[in-house]
Visitor: 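Mind having a look at this structure? Questions to follow.
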Amino acid sequence: MTDVTDCLFCAIVAGTTPADVVARSDHGVAFRDVNPQAPVHVLVVPIRHIDHAAAVTAADGAVLADLFVLARRVAEAEGVADSGFRLVANVGEDAANSVPHLHLHVIGGRRLGWPPG
Ligand code: AMP
């Protein structure tokens, strides 16, 4: 497991590293990705550190539900709830997971290709 004292997204959640925060919930924080891949690209992260999507357990159910509701709220606020958006959770090297703190990418605002590259 990642040392949470050395976790970038834990630092953003704590407010010790700056980020463009767009929404908060009981269990999550949403902020803009610094390297956006689409007109809307927001990351939704749990306040409590979880390494990645494959580290989620049944005990995290309430946190996960809260994050999905937060992602929907972000999509609505960003104006892509009706046009459509993608939720992505990368796990591991082949998926290019670069920050070891669970996050949902909320991506939209343009036609997204499928399958992803
Ligand atoms: P992943 O590749 O799924 O682990 O996604 C990590 C994402 O975090 C990438 O899209 C990065 O652009 C983004 N990112 C890295 N550092 C920051 C930061 N300080 N603030 C906001 N987004 C970041």
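Ligands are counted one by one from 1 in listed order, and the atoms in each one are counted from 1 as well. For clarity, every value in this text was computed on a predicted model and none was experimentally measured.
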Visitor: Check ligand 1 against His103 and write out every atom of the ligand that is under 4.0 Å from a heavy-atom position of the residue.
Guide: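 Every atom of ligand 1 under 4.0 Å from some heavy atom of His103: 1 (P), 3 (O), 4 (O), 5 (O), 6 (C).
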Visitor: Report yes or no: does a heavy atom of Arg32 sit under 4.0 Å from some atom of ligand 1?
Guide: yes
Visitor: Quick one: do Phe31 and Ile50 end up in the same hydrophobic cluster if we chain Ile, Leu, Val, Met, Phe, Trp and Tyr together by side-chain heavy atoms under 4.5 Å apart?
Guide: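 In one cluster with Phe31: Ile50, no.
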Visitor: With heavy atoms of Phe31 as the reference, note each atom of ligand 1 found under 4.0 Å away.
Guide: 21 (C)
Visitor: Pick one of side chain, backbone, both or neither for how Thr17 approaches ligand 1, counting any non-hydrogen atom pair under 4.0 Å.
Guide: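 Answer for Thr17: neither.
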Visitor: Would Ala96 count as a contact residue for ligand 1, given that I'm defining contact as a non-hydrogen atom of the residue lying under 4.0 Å from a ligand atom?
Guide: yes
Visitor: Which atoms of ligand 1 have any heavy atom of Asn35 under 4.0 Å away?
Guide: 12 (O)
Visitor: Is any side-chain heavy atom of Leu112 less than 4.5 Å from a side-chain heavy atom of Ile107?
Guide: yes
Visitor: Which ligand 1 atoms are under 4.0 Å away from a heavy-atom of Phe9?
Guide: 8 (O)
Visitor: Measure the distance from atom 16 (N) of ligand 1 to every protein heavy atom, then report the residue, atom name and distance (to 0.1 Å) of the closest one.
Guide: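 Checked against all protein heavy atoms, atom 16 (N) of ligand 1 sits closest to Leu8 CD2, 3.4 Å.
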Visitor: Could you tell me which atoms of ligand 1, counted from 1 in the order shown, lie closer than 4.0 angstrom to a heavy atom of His105?
Guide: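 Heavy-atom distances to His105 below 4.0 Å select 1 (P), 3 (O), 5 (O), 7 (C), 10 (O).
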Visitor: Counting non-hydrogen protein atoms only, what is the nearest one to atom 17 (C) of ligand 1? Give residue, atom name and distance.
Guide: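 The protein heavy atom lying closest is Val34 CG2, 3.5 Å.
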Visitor: For Asn97, is at least one N or O under 3.5 Å away from an N or O on ligand 1?
Guide: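 By distance alone, the answer is yes.
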Visitor: Indicate yes or no for a side-chain donor-acceptor contact from Asn97 to the backbone of Val99 under 3.5 Å, with no hydrogens or angles considered.
Guide: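 Yes, the answer is positive, given that a donor and an acceptor are paired below the 3.5 Å cut-off.
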Visitor: What protein heavy atom is closest to atom 4 (O) of ligand 1, reported as residue, atom name and distance in Å?
Guide: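 Of every protein heavy atom, Ser98 N, 2.7 Å lies nearest to atom 4 (O) of ligand 1.
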Visitor: What I want to know is whether Val99 and ligand 1 share at least one N or O pair that is separated by under 3.5 angstrom.
Guide: yes
Visitor: Got a sec: does the CZ of Arg24 have more than 12 other heavy atoms crowding it under 6.0 Å?
Guide: no
Visitor: Numbering the atoms of ligand 1 from 1, which are under 4.0 Å from a heavy atom of Asn90?
Guide: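 Reading through ligand 1 atom by atom, the close ones are 1 (P), 2 (O), 3 (O).
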Visitor: If the plane angle is over 60° it's perpendicular, under 30° parallel, otherwise tilted; pick one for His41 and His105.
Guide: tilted
Visitor: For atom 12 (O) of ligand 1, grab the closest protein heavy atom and report residue, atom and distance to one decimal in Å.
Guide: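 Its nearest protein heavy-atom neighbour is Asp33 OD1, 2.5 Å.
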Visitor: Is there a side-chain contact between Val74 and Phe85 in this structure, where contact means two heavy atoms from C-beta onward sitting under 4.5 Å apart?
Guide: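 In short, these two side chains do not touch, never coming nearer than 4.5 Å.
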